[in-house]
Amino acid sequence: MDLTFTPSETAFRDELRGWLADNDPGPEPHGDEHAHFAWRLDWQRRLAAAGWSGVHWPVEHGGRGATLTESAIFFEELANRRAPLPGNVLGLLLAGPTIMTWGDEAQRERHLGPILTGEEVWCQGFSEPDAGSDLAAVKTRAARDGDGWTITGQKVWTSYAHHARWCMLLARTDPASERHRGLTYFLLDMEQDGVEVVPLRQITGESHFNELFLDGARATDAQVLGGEGNGWRVAMTTLSNERSGLAFFHQVRMRQLVDALAAELAERGGLDDPRTADALADVAAQVEVLRLTAYRGLTRLERTGEPGPESALTKLMWSRANQALTQLAVDALGPDALTAGSRWSYELLRARGNTLEGGTTEILKNIAAQRVLGLPRAS
Amino acid sequence: MDLTFTPSETAFRDELRGWLADNDPGPEPHGDEHAHFAWRLDWQRRLAAAGWSGVHWPVEHGGRGATLTESAIFFEELANRRAPLPGNVLGLLLAGPTIMTWGDEAQRERHLGPILTGEEVWCQGFSEPDAGSDLAAVKTRAARDGDGWTITGQKVWTSYAHHARWCMLLARTDPASERHRGLTYFLLDMEQDGVEVVPLRQITGESHFNELFLDGARATDAQVLGGEGNGWRVAMTTLSNERSGLAFFHQVRMRQLVDALAAELAERGGLDDPRTADALADVAAQVEVLRLTAYRGLTRLERTGEPGPESALTKLMWSRANQALTQLAVDALGPDALTAGSRWSYELLRARGNTLEGGTTEILKNIAAQRVLGLPRAS
Amino acid sequence: MNFDLSEDQREIKRTARDLLADRCPPERVRAVAEGGGPDGALAAELAELGWPGIAIPAEHDGLGLGAVEAAALLEELGYALAGAPLLATAAAAFAIEGAGSDAQRAEWLPRLAAGSATATLGIAHGDVAALVADAEGADAIVLVQDGRARLLTAAEAEVSPLETIDPTRRYARVGAPPGAGEPLPGDPAAAVDRAAALAAAELVGVCQRALDDTVAYVGERRQFGRPIGSFQAVAHRCSDMLLAAESARSAAYFAAWSADADPDGLPFAAALAHSVAATSAREATASAIQAHGGVGFTWEADVHWLYKRAQVASRLFGSVGAARERIAGAVAARG
Amino acid sequence: MNFDLSEDQREIKRTARDLLADRCPPERVRAVAEGGGPDGALAAELAELGWPGIAIPAEHDGLGLGAVEAAALLEELGYALAGAPLLATAAAAFAIEGAGSDAQRAEWLPRLAAGSATATLGIAHGDVAALVADAEGADAIVLVQDGRARLLTAAEAEVSPLETIDPTRRYARVGAPPGAGEPLPGDPAAAVDRAAALAAAELVGVCQRALDDTVAYVGERRQFGRPIGSFQAVAHRCSDMLLAAESARSAAYFAAWSADADPDGLPFAAALAHSVAATSAREATASAIQAHGGVGFTWEADVHWLYKRAQVASRLFGSVGAARERIAGAVAARG
């Protein structure tokens with residue numbers, strides 16, 4: 001057990017810090033979602049130009065070949081510097097690794113480069129309105145049509161779809177199939193008729209998610225990833241890459257929130273109230289445990305190649321801590337914190353999504369019970 | 001809406017208070033369970049002699065014909081005076097009303113009188129080790145045997161069994177039947193070979209519950225209540241009488257606990273800590289809401305004859321409040337409160353049973369969801 | 001002992017439920033919220049019906065009913081998230097009636113009852129009330145400060161609109177220079193408690209709406225081949241929401257009854273109602289979002305309005321922490 | 001960066017798990033608890049193995065391993081609810097090693113390592129430590145009071161056995177007249193933090209046992225025709241217990257590592273471990289009783305020992321509230 005960095009990890013961090021010291025992402029644009037995304041894409045271009053995009057990708061694919069710990073350090077340092085996530089984060093974390101695993105030479109050749117630079121943004125078309133948390137209930141239909149496929153259906157919660165050139169799309173190619181069988185994973189070109197993106201407004205008022213309407217969209221055989229009928233396995237590769245490095249970004253962001261709240265409370269004398277101080281300590285402890293548990297998960301993954309129970313738990317910890325933190329902020333800071341558009345009221349509303357996005361709390365607890373604890377499934 | 005008592009309710013209460021002022025139950029015996037029960041039976045004899053036993057029973061059956069509110073007042077006043085529950089509480093609240101509803105003339109004649117006076121104590125033989133919360137899974141077998149029945153099986157959680165002369169026993173008379181069908185309700189004589197009572201020790205160290213082993217116990221046809229094969233409906237009558245008046249006894253006891261804790265904390269300066277005061281307020285609020293909700297349920301029952309959602313909820317409120325209260329006591333009073341046999345450590349341990357006895361929290365929430373809210377059953 | 005609404009009171013509640021279901025469907029609530037409210041047409045119609053004067057004595061041209069009737073009405077206004085300033089007007093009327101002079105009563109109460117004037121009440125610290133409902137456009141604003149109240153006309157008060165996360169109602173920050181306005185001679189404490197009782201009743205309606213909408217949704221919505229309400233995690237969540245709603249209802253009705261019939265018990269009952277209703281409403285509305293799944297996080301699903309109302313309305317007459325302090329004090333005193 | 005036990009440390013843990021599973025099955029724990037403990041035979045065997053000296057430096061005849069190794073061991077002792085006074089001895093050894101004089105170290109540490117003497121440590125307020133583990137029969141008692149420590153022999157301390165709800169371990173109240181015993185010259189703060197880290201590790205074991213026993217039970221026990229572990233309410237309860245156990249483990253291991261490698265971070269890490277492990281252990285053990293249904297409320301089901309241990313052991317080195325105060329102070333300071 002050693003919670004300090006090894007010399008090579010320290011060297012990696014120091015090199016990154018040095019680069020970040022010279023390369024400021026610039027001021028965060030507020031209020032204009034397109035300007036904000038353009039800022040993130042620009043940031044990714046600069047990262048890529050300096051070799052800091054896809055740090056965890058193998059060197060042969062243009063990455064830096066970073067270890068898992070180095071990748072965690074990368075996201076922590078980004079958050080520490082209050083830099084944004086790269087614009088094409090789904091491409092870097094999900095599409096890229098999935099294409100590396102399942103793609104043929106041509107697919108790798110075609111896609112990996114533009115993912116790294118952010119030249120081509122990716123979105124993820126898995127969820128559907130009727131399926132919700134039940135991924136195997138995918139209904140979007142891809143029908144054989146000459147030498148390609150015609151795709152019809154609807155996806156939802158597709159973040160970045162309105163910026164995306166490509167979509168990781170899960171569709172049913174065997175109409176007689178049920179559940180996990182008969183699904184195929186497509187690399188769908190978003191720039192065509194038959195693909196319509198409609199923003200979905202969140203309770204915060206923003207539109208970070210979209211509905212995706214597919215009405216006769218086309219895909220070629222060359223755009224099938226991992227083979228016809230193999231979509232479930234390919235999708236599982238994508239999902240297992242989800243949240244990997246991001247946990248460390250979130251974890252630092254949570255700590256920044258705790259510190260910001262502590263500072264704001266201290267300034268107003270709020271910490272003189274032992275009730276508030278106690279609640280702050282509770283939340284700070286949750287955030288610290290999140291950090292530690294994320295590191296434990298990382299070590300486990302490095303040692304065994306398999307995510308341990310920790311990876312299922314950090315999401316639960318994070319969402320719970322963030323909801324508690326933001327409610328505390330609103331309680332302790334009073335009506336000022338409830339002003340529309342204020343930092344804490346935004347965080348309060350946004351936090352409600354934490355127990356829904358990326359696997360609802362209910363689904364994650366099912367997973368923990370069945371896959372980690374080995375409890376029997378509900379019949 | 002009127003939360004004061006009507007003149008007749010006030011008259012009832014004052015008469016009871018007058019009697020209680022002249023009739024002290026005497027000091028509660030500690031440490032000796034048999035002496036304690038004898039004290040409660042003696043108390044019931046005195047109540048009966050003065051016409052205060054079975055206050056909610058019709059006058060024709062020897063009761064006082066009290067209204068539901070008066071019955072609630074009765075239990076509240078008992079608790080207010082720190083008097084115990086009558087020794088034969090299961091006879092008064094469950095067996096008596098069930099026999100009034102389903103019994104024939106001979107059964108009423110035979111049993112109601114000795115229930116009122118406490119001369120014959122009753123216990124309830126519903127739960128079984130393998131059935132747990134699933135009452136319809138009863139396996140205890142009553143086999144036709146000449147002009148009577150021979151009963152074999154095991155019951156559990158039979159409080160008062162070691163004092164009881166009679167048992168409300170649910171057994172399966174049709175061996176081919178499943179679930180709710182084929183059950184019969186017996187008035188089982190406990191004083192016979194073939195009935196063995198084994199105390200079940202609780203985590204508090206006491207033995208208030210028992211296991212009941214039936215090995216060839218006998219019952220006559222005259223001891224069948226409500227007809228052969230009708231046991232489920234008769235048992236539902238028993239269950240619908242459960243907890244009726246007791247909620248008010250518990251509610252006063254909870255308030256006494258809150259007040260005792262507040263006094264003990266105040267004496268030690270514990271309430272100067274805003275965290276402790278806040279937690280005390282939270283618990284006190286829960287207890288107050290319990291009281292109010294119990295009254296709302298009572299009014300609803302009087303008005304409609306049907307228990308409303310309140311009756312399903314007061315048990316949940318009570319168990320949650322008591323667990324929170326006792327944990328707070330132990331937290332705020334420090335190691336002293338963890339001494340074996342001390343008031344608060346006893347209450348802490350005893351409170352863990354609250355979410356299990358009389359319907360587990362899980363079962364009660366199922367009931368609330370399905371019967372009150374009309375949600376679909378899990379398939 | 002009868003702890004339930006009377007037949008007349010239930011009739012008031014039913015009428016309000018039906019009327020508001022018609023006038024304030026979700027589309028209307030959304031339109032009001034997105035348009036910055038308030039719902040003038042609705043306010044006018046409710047004034048026609050005499051609702052603003054429900055608890056104003058008949059001698060001042062009100063309906064002369066009690067706080068319980070007002071609570072029944074407010075519960076329905078909360079259920080519908082109606083954009084009419086009845087809570088604010090009722091709160092101010094309580095203060096003017098309870099702490100005002102004869103002249104102040106005669107000047108204001110009939111106009112408030114008729115709906116020809118509106119008013120509101122705010123709790124001020126250092127000449128500023130940080131969160132006041134429907135103060136913009138109010139003809140009179142009662143500021144309660146250190147146990148004393150003063151009445152300001154629109155011209156005398158400094159009203160700064162406050163855009164909160166709850167746009168189903170307008171809120172403002174209200175300040176007034178020391179000495180501005182005219183004092184109410186009496187003690188406004190009971191009026192604030194009565195207002196808190198009504199605010200709690202409104203939150204009961206919010207809880208109930210969150211519960212009803214959720215039960216309807218989870219009974220319909222299917223996943224993994226069955227309605228999601230048949231999953232125990234969802235069903236138990238609904239049971240917890242029921243528990244929250246009924247807890248809030250018990251406490252709010254108790255406070256309303258105390259306001260009418262037990263002045264000595266009112267301070268405790270009002271603090272209880274505030275604490276329990278605020279906690280319940282926050283929990284139940286957060287649960288409603290969760291039980292709606294990803295859809296619950298969208299603007300179009302409308303459950304977020306309930307959550308936002310619960311968050312902001314909980315603070316109208318002080319913090320939950322302050323209410324808890326009063327409860328703890330009362331418990332310690334009775335020991 | 002490597003936040004996991006090393007292969008050697010896992011081996012220590014496995015060995016302890018296996019040995020204690022054999023020596024301390026539930027029947028043995030019950031016998032010790034009902035007989036008033038401690039388990040002399042077990043203590044003797046563990047002393048043979050050198051366990052009491054696991055974190056005592058080799059120069060004082062200990063095994064010379066670190067707090068992480070000791071934590072791994074303590075976790076298993078907690079898992080087994082073993083009736084051997086290793087936590088107490090380790091706590092006292094930390095104080096004597098960290099704050100004692102050379103002479104005190106030489107006098108006590110070799111004997112503690114060999115198991116030929118036992119010791120304990122208590123936090124005193126006004127010359128009395130209200131809750132001290134395994135003080136009866138201890139040869140040395142370290143009392144920490146207002147940031148200073150003194151070492152008392154059995155003859156010098158006033159040990160009043162305290163029968164707590166947790167009879168799996170012996171506790172006592174320990175007093176000493178002012179001036180009794182001999183002072184440890186150094187600052188005992190770090191030793192108390194190291195002790196708190198080990199106490200937290202012990203509670204991790206309690207959490208894990210509660211979880212393992214519950215998962216085994218609900219996988220077997222059938223109701224309504226299926227294993228109760230397939231009911232979502234039960235399954236999610238188990239997930240919550242897993243979350244509690246892993247949270248406690250993260251915090252306790254972090255504190256143990258800080259004790260070995262990051263003295264500056266130790267005060268925060270120890271407060272974190274205490275707070276998180278205490279909360280987790282109480283919740284997880286209460287959940288274990290609940291998930292066992294009515295059976296869980298019986299003496300024979302044995303889960304209650306875990307609950308009782310969690311309740312009492314959480315208080316050994318102060319209250320959770322005090323730990324939270326330290327956390328809040330640290331957060332405010334870094335802001």
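Just so we're on the same page: letters track the sequence lines, and every chain starts at 1.
- In plain terms, the two heavy atoms of B/V283 and B/A321 that are nearest each other are CG1-O, 4.4 Å.
- Scanning both residues, B/W232 and B/L170, for their nearest heavy atoms gives N-CD1, 4.5 Å.
- Relative to the six-membered ring of B/W318, B/K315 misses at least one condition, a distance below 6.0 Å or an angle of at most 45° to the axis.
- The two residues D/L121 and D/A92 come nearest to each other via the heavy atoms CB-N, 4.1 Å.
- Across D/S319, D/G293, D/P167, the residue that shares the most heavy-atom pairs under 4.5 angstrom with chain B is D/G293.
- Heavy atoms closer than 4.5 Å to chain B are found in the side chain of D/A233, but not in its backbone.
- With D/H274 contributing its side chain and D/A270 its backbone, the two residues share no donor-acceptor pair below 3.5 Å.
- Contact count against chain B (heavy-atom pairs under 4.5 Å) is highest for D/Q290 among D/Q290, D/R315, D/R221, D/R222.
- For B/I363, the part lying near chain D is the side chain, with the backbone staying farther off; criterion is any non-hydrogen pair under 4.5 Å.
- Within the cation-pi definition used here (under 6.0 Å to the ring centroid, within 45° of the axis), B/R352 does not qualify as a partner of D/F297.
- Here B/Q327 is the residue among B/K365, B/R179, B/Q327 with the most heavy-atom pairs under 4.5 Å with chain D.
- Of the atoms belonging to B/L338, heavy atoms from both backbone and side chain fall under 4.5 Å from chain D.
- The minimum heavy-atom distance between D/A313 and D/L203, with the atom names listed, is CB-CD2, 4.0 Å.
- Of the two parts of B/T361, the backbone and the side chain both hold a non-hydrogen atom closer than 4.5 Å to a non-hydrogen atom of chain D.
- Using a 4.5 Å cut-off between heavy atoms, D/Y307 touches chain B through its side chain atoms alone.
- If you measure heavy-atom distances from B/D331 to chain D, the contacts under 4.5 Å come from both the backbone and the side chain.
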